[in-house]
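Have a look at the structure below before the remarks.
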Amino acid sequence: MSRLQQTEGLTEEQHELIKLVREFVDEQIIPVATELEHKDEYPTQIVEGMKEMGIFGLMIPEEYGGLGESLLTYALCVEEIARGWMSVSGIINTHFIVAYMILQHGTDEQKQHYLPKMATGEIRGAFSMSEPGCGSDVSAIKTKAVRDGDSDNWTINGQKMWLTNGGSANLVAVLVKTDTGADSVYKNMTTFLIDKTEGFGETAQGVTVPGKIDKMGYKGVDTTELVFEGHRTTSAQILGGEPGKGFYQMMDGVEVGRVNVAARGCGVARRAFELGVSYAQQRETFGKKIAEHQAVLFRLADMAVKVEAAHEMMVKAARKKDSGERNDLEAGMAKYLASEYCSQVVEDSFRIHGGYGYSKEYEIERLYREAPMLLIGEGTADIQRMIIGRRLLEDYKLRG
Ligand SMILES: Cc1cc2nc3c(=O)[nH]c(=O)nc-3n(C[C@H](O)[C@H](O)[C@H](O)COP(=O)(O)OP(=O)(O)OC[C@H]3O[C@@H](n4cnc5c(N)ncnc54)[C@H](O)[C@@H]3O)c2cc1C
């Protein structure tokens, strides 16, 4: 049991579930993570284990076959999983966002159709906003759905980019432009639910997944492009049934996604600390353990403070959302702080490892390549600062 990242006020059930996940991580993920990551191999066995534990349905209500847990419970499980291997948390993250969006915004038919199968992991979700020409500036997307007259038939053309789980998912929530004549660009966007098969090539009529993008880290989990060439669909596949709401639905999904990325940052940082504090008590220089050199001891202290602070902020953001309040400020702060601190803690642990940190035999080498992803996914650090700053100006607006 770790001294760091303890959470006050959890129920017995929450403690039990998190303990179960922690044991799964220690026994099933950590021993194989680095080898699988180096081979860029999909962790099929780990995913099967997570299905059995009900992880894919963690936040899906019991009436749809899920565990009906809170965002906080989910985030604490993600923290544990990311401590073992960040890519595994990536496998559940997009699934969780899509399930959340369907739960919050889907029609009854969509909930009945998708959620029970998402709870078991039979249907697995990816979500897609980014395109080759834009990521931060979502309003600039070009992929377009055109309606056939007044009918319920639509045709989608365009290219999406950076889909986490783009190959392994069989459902994609995709944001496209739809010219509904609204006065704001944001009201001319729609989320479609695209059913596809797993794998690469033509995975549905007019829907091609060209292949995996080769990345510096975050391996094992597939990240892909998605090409639409005359994909025909219907209004029944619009999330919520009505066009023009897609941007707001996606932003709602990204908001819970940010708590999730913060939780990942916390997990990776804790692992980096554990590796650093362990190595520092083994390696000797100038006649003593390096942990006894004050510079290394201070480094460890700084790392632990960051691990703890990021966790507290992440928990606060999750609890705020669970209470039904708007949490964009807290989620932005948590994501920004946890990802920046994660990078710094990983870098510190890497330095403590000396030359061995540069060797692929040591786990910290993998963490060093994984941490930067958290500075980018679900909105870059600068975009978080923009959100935080603007929100604060709303709250601290000068009167009169
Ligand atoms: C491994 C990986 C997985 C991903 N998975 C997904 C996924 O599943 N689904 C999905 O839709 N997307 C996904 N993304 C895409 C990700 O969300 C985008 O990369 C991210 O939003 C940044 O967009 P961009 O890459 O286009 O950078 P840009 O938007 O081009 O930004 C470039 C730089 O400019 C800065 N910048 C941009 N605008 C501003 C501004 N207004 N003020 C200040 N600075 C600014 C940014 O902070 C950044 O430093 C993934 C990306 C990666 C790397």
Side-chain angles (χ1 to χ4, degrees), residues 37 40 42 78 82 85-101 124-143 158-177 189-194 196 209 211-228 239 246-247 249-258 260-262 264-265 268 331-332 335-336 339-340 342-343 366 369-391 393:
E37 201 267 356
D40 198 4
Y42 192 79
V78 166
W85 184 11
M86 194 178 94
S87 295
V88 178
S89 61
I91 288 171
I92 51 173
N93 182 37
T94 62
H95 175 85
F96 147 80
I97 292 177
V98 176
Y100 174 84
M101 284 168 57
R124 301 244 306 279
F127 92 99
S128 172
M129 291 198 295
S130 305
E131 297 191 355
C134 65
S136 308
D137 183 7
V138 180
S139 69
I141 60 166
K142 291 203 170 85
T143 300
Q159 188 178 353
K160 302 304 259 184
M161 183 77 185
W162 296 116
L163 281 84
T164 302
N165 299 306
S168 47
N170 44 13
L171 168 67
V172 186
V174 63
L175 188 68
V176 300
K177 279 253 164 81
M189 293 189 209
T190 298
T191 302
F192 277 88
L193 300 171
I194 309 290
K196 63 185 261 301
V209 181
K212 285 202 298 188
I213 298 169
D214 199 10
K215 298 164 292 187
M216 72 183 263
Y218 200 39
K219 290 173 185 275
V221 56
D222 46 292
T223 307
T224 74
E225 297 171 47
L226 185 73
V227 181
F228 290 99
L239 180 63
F247 178 77
Q249 295 164 341
M250 283 278 171
M251 288 305 119
D252 190 24
V254 165
E255 208 167 284
V256 286
R258 282 185 184 141
N260 192 289
V261 173
R264 281 200 241 178
V268 173
K335 198 263 162 178
Y336 175 48
S339 56
E340 292 290 337
C342 175
S343 268
R366 169 168 65 78
R369 288 181 291 103
E370 288 174 338
M373 153 61 190
L374 299 172
L375 301 169
I376 297 164
E378 314 289 341
T380 65
D382 291 326
I383 294 299
Q384 304 310 315
R385 293 158 86 193
M386 206 166 76
I387 294 168
I388 295 165
R390 284 183 181 164
R391 186 74 167 84
L393 284 182

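First listed ligand is number 1; within each ligand, the first listed atom is number 1.
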Name the option, out of [options], that contains the heavy atom nearest to [atom].
atom: atom 45 (C) of ligand 1; options: Thr94, Ile383, Leu226; answer: Ile383
atom: atom 27 (O) of ligand 1; options: Gly133, Ser136, Ser128; answer: Ser136
atom: atom 26 (O) of ligand 1; options: Ala169, Ala381, Gly135, Ala140; answer: Gly135
atom: atom 53 (C) of ligand 1; options: Trp162, Phe127, Tyr218; answer: Trp162

Under 4.0 Å, heavy atoms only, figure out whether ligand 1 is touched by the backbone of Met386, its side chain, both or neither.
->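 Side chain only.
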
Taking every non-hydrogen atom, the tightest pair across Leu193 and Ala173 = CD2-CB, 4.1 Å

In short, Leu374 meets Ser339 closest at the heavy-atom pair O-CB, 3.3 Å

Would a search of protein heavy atoms around [atom] find one under 4.0 Å away?
atom: atom 37 (C) of ligand 1; answer: yes
atom: atom 31 (O) of ligand 1; answer: yes
atom: atom 13 (C) of ligand 1; answer: yes

When you measure from [atom] to every protein heavy atom, which one gives the shortest distance, and what is it?
atom: atom 10 (C) of ligand 1; result: Ser130 OG, 3.4 Å
atom: atom 3 (C) of ligand 1; result: Thr164 OG1, 3.3 Å
atom: atom 2 (C) of ligand 1; result: Met373 SD, 3.7 Å
atom: atom 19 (O) of ligand 1; result: Ile376 CG2, 3.6 Å
atom: atom 11 (O) of ligand 1; result: Met129 N, 2.8 Å
atom: atom 47 (O) of ligand 1; result: Thr380 OG1, 2.6 Å

In ligand 1, the atoms that come under 4.0 Å of a heavy atom of Cys134 are 26 (O)

For Asp382, take its heavy atoms, then give the atoms of ligand 1 lying under 4.0 Å from any of them.
-> 44 (N), 47 (O)

Asp214 CG: over 12 foreign heavy atoms closer than 6.0 Å | no

Any donor-acceptor pair under 3.5 Å linking the side chain of [X] with the backbone of [Y]?
X: Ser87; Y: Lys219; value: yes
X: Lys160; Y: Phe228; value: no
X: Asp40; Y: Gly220; value: yes

Can you tell me if Asn93 and Glu378 form a side-chain donor-acceptor pair at under 3.5 Å?
->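 Yes - a donor-acceptor pair under 3.5 Å links their side chains.
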
Test log, rule side chain to side chain contact (heavy atoms under 4.5 Å, CB included), inputs Ile141 and Lys177 = CA-CA 7 Å; Ile141 60 166; Lys177 279 253 164 81; 4.0 Å; yes

Testing Val174, Thr224, Thr164 for side-chain contact (heavy atoms from CB on, under 4.5 Å) with Ser128, which one passes?
-> Val174

Check whether any side-chain heavy atom of Cys134 sits under 4.5 Å from a side-chain heavy atom of Lys142, and report yes or no.
->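 When only atoms from C-beta onward are counted, Lys142 and Cys134 do not touch, as no gap falls below 4.5 Å.
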
